[in-house]
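One structure below.
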Amino acid sequence: MLELTASALAQKIRDREISAREAAETANHRVEEVEYRVNAFLTPTPYVALERAGRIDERLQNEGIQPWEGVPIAIKDVLSTRGVRTTCGSKILEDFTPIYDASALVNFGEDLVMVGKANMDEFAMGSSTENSAYGPTRNPWDPDRVPGGSSGGSAAAVAAGEGWWALGTDTGGSVRQPAALCGIVGLKPTYGRVSRYGLIAFGSSLDCIGPMTRDVRDAALLLQAIAGHDPLDSTTANAEVPDYLADLEGGVSGLRVGVVKELMDERIDAGVREVVERVVGELEAAGAEVGEASLPHAYYALEAYYIIAPAEISSNLARFDGVRYGLREPADGVHEMYRETREKGFGDEAKRRIMLGTYALSSGYYDAYYAQAQKVRTRMIGDFREALSSYDVLISPTSPSVAFEIGAKTDDPLAMYLQDICAVPASLAGIPAISVPGGLSEGLPVGVQLMSDHFTEPLLLRAARAAEEVADFEFSPRP
Ligand code: GLN
């Protein structure tokens, strides 16, 4: 059972070859077996999984279930789950239990077989999951290495077979980069395709919830389950949700594929570039029309992102004041209470970004930093518009390197931020992007990133499916 994809398992559940309860038991057992060396979960929820799986089996006898239901899933701990602790990887929310479910989870169905709440960088800020207040997650490929971040717990859970798939969130790469580093598929949908209601906010103009899965078909199925308009999130698109599985096997014959030259330069490790080049070559052999694409402002995307994202988080984190949610440190007077609570509750990266963001937004500096970054963002959108008028899909690496060692970048925030150079352009533009395992370098997985125009996920998934097919990679749970 552990070797099946989520789609295959879902089919077997519907065919009653495997019960949802057996699947949940298998996932729970796997968590017990490998968690001591992976640390993918902040809150395992074995009883939630079993109870809901039982209800799925009951419904299967009666009214039936949706094609994605019954398959155990890991949920990043930034998504609100009714009655289940939701910490965002932060001390400030250590004892916070939401009273409602995030809309994406509601869309999935009421009997979501949740294996646990997955570890993450505090408030999703980071690229290694080392910013979690509850200890790092370890990469199932090598326990001395990071799983990437910020959805590192979700990625590691899938790679280790602790559940068949997961939900992560991606503000500037946090679904795609950990997927790449753990050898799984990670899809950031178009901004506004999936409701952010109940997702604890990081960068509200950037945040996207996305599937993290064993293969591209699973990603399409999971997106199908969570996508759609939501009156509770005014930034969701009021547009029909297409059938994401319909075109999946359409292949790449005649598809125009552009390799982004600015994301294939010497900042990217040679071994990573080689894997991407090999996949591109195979796509060409499969009938794609391959050329070189240019995103000139990609060189400035990281700088713009690291103004805009901190600006937004400095505002969003203001709500954690010891009054309404989570931690409250006793003190004399309200200002002291705020200070003590935020001093004890937030980790270093959260504090760093609150300071950077507040600075960038302050009068006198607003024009020089925040407004300037927004102009770069507009340029980035223009670059994509231009490139996507000649190409259907753009390709680059997902991450400049394979998984690095735990501790290697913790003393150097800039080195950590540089992990995101390939991921942030698509985030700034709000377009969909997916990471697919392309092969190995230094014995570790390399992700190939594909990007396409707003709301063209069916096309993106079709291209990704073709890339997955030509890639030199086979999923199997580790260790
Ligand atoms: N690594 C990036 C950051 O630290 C992206 C995080 C994310 O997408 N949530 O901001």
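Atoms considered below: every heavy atom in the structure, side chains included; atoms not considered: hydrogens, waters and symmetry mates. Please read these numbers as outputs of a predicted model, since none were measured by experiment. Just follow the structure's listing: the first ligand is 1, and inside any ligand the first atom is 1.
- Salt bridge present: E340 and K344 bring a charged side-chain N and a carboxylate O closer than 4.0 Å.
- Among the candidates K76, R176, R193, the single residue satisfying the salt bridge (Lys or Arg N to Asp or Glu O under 4.0 Å) test with D170 is R176.
- The pair R339-E329 does not count as a salt bridge, with every side-chain nitrogen at least 4.0 angstrom from each carboxylate oxygen.
- Ion pairing between a basic and an acidic side chain is recognised when a charged N comes within 4.0 Å of a carboxylate O; E274 and R278 show no such pairing.
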Test side chain to side chain contact (heavy atoms under 4.5 Å, CB included) on R267 and L263 and set out the steps. CA-CA 8 Å; R267 298 173 303 166; L263 302 179; 4.1 Å; yes

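- Taking the salt bridge (Lys or Arg N to Asp or Glu O under 4.0 Å) definition, one finds that R217 meets it with E249, sequence neighbours left out.
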One pair per line, please: each N/O atom of ligand 1 matched with every protein N/O atom under 3.5 Å away, atom names first, then the distance to 0.1 Å.
from	atom 1	to	atom 2	distance (Å)
ligand 1	1 (N)	G126	O	3.0
ligand 1	1 (N)	S127	OG	2.8
ligand 1	1 (N)	D420	OD1	3.2
ligand 1	1 (N)	D420	OD2	2.9
ligand 1	4 (O)	G126	N	2.8
ligand 1	4 (O)	Y306	OH	3.2
ligand 1	4 (O)	R353	NH2	2.7
ligand 1	8 (O)	T171	N	2.8
ligand 1	8 (O)	G172	N	2.6
ligand 1	8 (O)	G173	N	3.3
ligand 1	8 (O)	S174	N	3.0
ligand 1	8 (O)	S174	OG	2.7
ligand 1	9 (N)	A124	O	2.8
ligand 1	9 (N)	S150	OG	3.4
ligand 1	9 (N)	T171	OG1	3.4
ligand 1	9 (N)	S174	OG	2.7
ligand 1	10 (O)	Y305	OH	2.7
ligand 1	10 (O)	R353	NH1	2.8

